[in-house]
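Every value quoted in this text rests on a predicted model; they were computed, and no experiment measured them.
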Amino acid sequence: MRFTTPNRDENLHPQTLPTPSSFTSSSPIDSPSAQLFQEISNRARSQTVFNKQWDRSEQMQSENHAAALKAAHEEHERVRIHAELFHAECLRERERKRQQEQEREALELTLLRRKNAEEEARHHQNLLNDVKKKAEQAEREAEQLKRSIRLEQEAHAAREAELKADAERRADAERQAQQAAALKHAVTPRQPAVSSAPAVALPAQQATTAPATNMAPSANGASTATATTTPAPTAGSTSVPPPQLDTPVEELERLHKRYLEIHQYLKEHRRKMARAIKSDPSLSVVSDWRRDITKLLGQLTNERDPSVKTEKERNEMRRSNTDKRNKVYDALGLARDLKSAMIDVRLVCANPPPEIAQLSNENAQVSASLVFLLNMLSKTAIRQFINSGAVTTFDPIEPIGITVSMIFSRAGFRFHGYSLMDIFLAKYHFACPVLFGIYGPERTPTGMRRLGWYESEGEFIGRQEHNERMAGLAAGWSAITLRNYLKTKHVNCLPPWVFWQTLARIVNTPKHQVTQTHFVVLRGLLERNFEMFHTMYQDFALIALRRAVVDFPNSVPKNTAADGVMVLRDVIESRLKVRL
């Protein structure tokens with residue numbers, strides 16, 4: 001039995017609780033203990049009734065709570081089901097939008113592909129039209145070239161006939177003079193004749209056309225090297241007709257050796273002239289001419305220098321260069337007419353034509369002062385080329401190259417129509433043999449000398465200095481050989497096909513003989529003058545350029561110098577707007 005005091009509850013009403021009056025009995029109780037017992041019994045019964053009512057109220061409350069929980073659970077289930085339905089609807093909507101986006105992107109991609117295909121088709125058609133136009137232009141240029149070659153051959157034949165007739169007249173005159181001398185000697189005692197000119201023993205040589213390795217495109221579009229014969233140079237156009245023999249390497253070596261002999265002779269001749277100038281007052285003026293020529297060459301300026309902004313400045317520079325060249329011509333003309341000292345011209349000729357090789361010693365004399373000044377002019381020009389090899393802000397090489405080409409091409413400085421360019425070429429053979437098909441290993445002193453590696457006080461210079469020398473010499477060579485003489489009356493002593501021949505000799509060097517020097521020289525040849533080369537040879541130049549800057553470097557193991565040549569591809573394509 002519980003005796004806890006009941007708490008107040010909203011479900012327990014006061015009228016339901018027992019009151020004290022309900023516990024009183026109608027019958028009186030006499031004893032106090034009975035009354036106490038009676039009271040306790042009443043209280044117990046009242047508590048029992050209270051507890052039962054409390055239990056009923058708790059049960060009712062529990063039932064109410066269970067009903068509320070059930071209702072809440074049902075509401076939760078309803079909300080959950082609604083949320084799941086809403087989530088599924090959102091997923092379906094998202095999937096629908098994703099499909100629509102995919103369809104839109106697919107449609108845009110299809111339209112873009114169609115547009116690109118149309119543009120590519122138009123571009124391809126434009127390329128075909130350009131190729132067709134270039135082919136037509138190449139055909140026209142080929143016809144023009146054929147006509148010009150035919151005209152040159154006719155002029156060459158006429159000049160040869162004239163030279164032959166002149167030689168026959170001179171031979172007849174010499175025979176008549178010999179006959180007259182014989183008749184005179186028949187009646188008078190013969191005195192021994194002493195010739196001041198040394199006799200020169202020259203090997204018998206043939207006048208041949210120039211073979212060069214032509215870089216022509218193969219069937220698959222790649223450039224390959226095939227041996228063809230270059231057009232024959234016009235009479236007197238060059239003093240170095242390249243050989244055409246079964247063993248071209250041996251012939252190149254022979255010519256190279258001959259040029260080195262001329263180089264040594266020119267050094268000895270320079271020392272002799274220096275002593276003669278000091279001892280002979282009539283030759284003292286030659287020293288003044290030498291200083292003037294050296295100074296004038298150093299003062300030449302490049303009219304195409306980017307720093308020159310106005311056409312007026314360019315014209316002024318052009319007139320200034322012309323004046324300086326005229327002063328050089330005047331000095332050389334005075335030296336040519338100075339007859340106090342003479343030498344045999346065949347001493348400075350590598351491969352003279354028969355009409356000069358067969359001259360008598362008396363008729364083969366040329367002014368020693370002219371040879372001396374041409375030698376010093378060549379020496380100064382080559383030194384300027386070397387010093388300008390690393391120059392990037394200003395290019396002084398081109399005006400010097402133009403001057404050298406014009407001097408050796410002028411008729412006034414030729415000997416019987418034969419250019420004295422061998423004086424200049426002898427120094428170039430010594431300084432940069434790679435240009436003439438000479439090669440050798442860079443690991444041995446002999447090979448380094450064959451490549452033109454300069455020695456200072458018995459030691460070879462460093463790689464960087466050697467590369468700068470080779471780059472300057474190669475740039476000078478291209479500045480001299482890439483000259484257009486179509487608008488002048490002079491005959492080019494080193495026509496552009498010499499540059500093509502040089503390029504062919506380098507790229508056709510045997511793979512096991514290719515050195516870094518070859519790539520340095522190749523870059524020097526093309527870096528400053530590939531636009532002039534392209535102007536002269538057009539599409540054929542593109543084939544040669546691809547062979548030089550793409551195929552040739554990729555045919556050998558990678559090295560720094562080869563990478564430097566491959567960089568030219570981007571420059572050439574950007575400048576010429578082509579793809580190699």
Side-chain angles (χ1 to χ4, degrees), residues 263 266-267 270 289-308 317 320-321 324-325 327-328 331 372-408 421 423-436 448-449 451-483 494 499 502 516-530 532 561 564:
H263 175 70
L266 290 172
K267 292 175 67 175
R270 186 177 73 246
W289 296 336
R290 178 187 63 80
R291 284 191 293 270
D292 291 342
I293 290 174
T294 302
K295 180 183 67 175
L296 291 169
L297 281 181
Q299 293 176 348
L300 292 173
T301 55
N302 191 346
E303 60 197 44
R304 295 194 295 180
D305 183 10
S307 62
V308 181
M317 294 174 66
S320 176
N321 288 341
K324 293 181 177 64
R325 291 189 183 107
K327 292 179 181 178
V328 175
F372 171 75
L373 290 183
L374 290 177
N375 182 28
M376 299 309 298
L377 172 97
S378 303
K379 183 179 180 69
T380 302
I382 289 176
R383 183 170 61 249
Q384 292 281 1
F385 293 157
I386 292 173
N387 295 337
S388 303
V391 174
T392 56
T393 57
F394 168 67
D395 184 10
I397 292 179
E398 183 175 8
I400 299 175
I402 294 173
T403 303
V404 171
S405 177
M406 294 176 68
I407 288 173
F408 284 99
M421 192 66 181
I423 297 174
F424 182 81
L425 292 178
K427 307 192 80 63
Y428 243 94
H429 268 266
F430 177 79
C432 193
V434 174
L435 294 170
F436 308 98
M448 295 172 73
R449 292 188 185 96
L451 293 172
W453 211 296
Y454 186 72
E455 293 181 78
S456 177
E457 298 180 356
E459 294 184 359
F460 291 103
I461 61 176
R463 164 72 68 178
Q464 181 64 28
E465 187 177 355
H466 169 71
N467 289 347
E468 291 177 359
R469 283 175 57 88
M470 295 297 105
L473 290 168
W477 183 255
S478 60
I480 294 173
T481 54
L482 290 177
R483 303 261 65 88
L494 287 178
F499 179 87
T502 299
Q516 292 193 41
T517 301
H518 286 86
F519 291 105
V520 173
V521 171
L522 182 59
R523 178 167 182 169
L525 286 172
L526 298 175
E527 188 170 18
R528 310 185 194 203
N529 293 285
F530 65 85
M532 180 69 72

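When every heavy atom of Leu374 is checked against every heavy atom of Ile407, the shortest pair comes out as CD2-CG2, 4.0 Å. In terms of heavy atoms, Ala381 sits closest to Ile400 at CB-CG2, 3.8 Å. The shortest non-hydrogen separation linking Val520 to Ala471 is CG1-N, 4.0 Å. Of all non-hydrogen atoms in Lys327 and Leu296, the two that sit nearest each other are CB-CD1, 3.5 Å. Between Leu373 and Ala331, the closest heavy-atom pair is CD1-O, 4.1 Å.
Looking only at side-chain heavy atoms (C-beta outward), Val434 and Met470 stay at 4.5 Å or farther from each other. You'll find the side chain of His518 stays beyond 4.5 Å of the side chain of Val521, heavy atoms only. A 4.5 Å side-chain heavy-atom check between Ile480 and Phe424 finds at least one atom pair inside the cut-off. Side-chain atoms of Arg463 and Thr517, non-hydrogen and from C-beta on, do get closer than 4.5 Å to each other. Looking at heavy atoms from C-beta onward, Pro399 lies in side-chain contact with Arg325 at the 4.5 angstrom threshold. Between Thr294 and Arg383, some side-chain heavy-atom pair lies under the 4.5 Å cut-off. A heavy-atom distance below 4.5 Å is not found between the side chains of Met376 and Ile293. Residues Thr502 and Leu525 have side chains in contact (heavy-atom distance under 4.5 Å, counting atoms from C-beta outward).
Crowding of Phe436 atom CZ: a count of heavy atoms from other residues, nucleotides or ligands under 6.0 Å exceeding 12.
Taking OG1 from Thr301 and CE from Met317, the interatomic distance works out to 3.5 Å, rounded to the nearest 0.5 Å. With rounding to the nearest 0.5 Å, the separation of CG in Leu425 from CG in Leu494 is 5.5 Å. If you take CZ on Arg290 and CG on Asn375, they are separated by 11.0 Å, rounding to the nearest 0.5 Å. Interatomic distance, CG of Leu266 versus OG of Ser378, reported as 8.0 Å (0.5 Å rounding). Between the CZ atom in Phe408 and the OG1 atom in Thr403 there is a gap of 11.5 Å [rounded to 0.5 Å]. In this structure, CD in Glu468 is found 9.0 Å from CD1 in Ile461, a value given to the nearest 0.5 Å.
Checking side-chain atoms of Arg523 against main-chain N and O of Gly564 turns up a donor-acceptor pair under 3.5 Å. Side-chain N or O atoms of Ser478 include one that pairs as donor or acceptor with a backbone N or O of Ala475 at under 3.5 Å. The backbone N or O of Ile397 lies less than 3.5 Å from no partner atom in the side chain of Asn302, so there is not a single donor-acceptor pair. A donor-acceptor pair is defined here as one N or O able to donate and one able to accept, closer than 3.5 Å; such a pair exists between the side chain of Tyr428 and the backbone of Trp477.
Judged by a 6.0 Å distance limit and a 45° cone about the ring axis, Arg469 is positioned over the six-membered ring of Tyr454.
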Next on the checklist: Working note: Lys427 + His263, criterion side-chain contact (heavy atoms from CB on, under 4.5 Å); need CA distance, chi angles, decisive distance, verdict.
Outcome noted: CA-CA 6 Å; Lys427 307 192 80 63; His263 175 70; 3.8 Å; yes
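Using a 3.5 Å distance cut-off with no hydrogens or angles, the side chains of Arg483 and Ser405 do not pair a donor with an acceptor.
Residues Arg449 and Glu455 are paired through a salt bridge, judged by an N-O separation under 4.0 Å between the basic side chain and the carboxylate.
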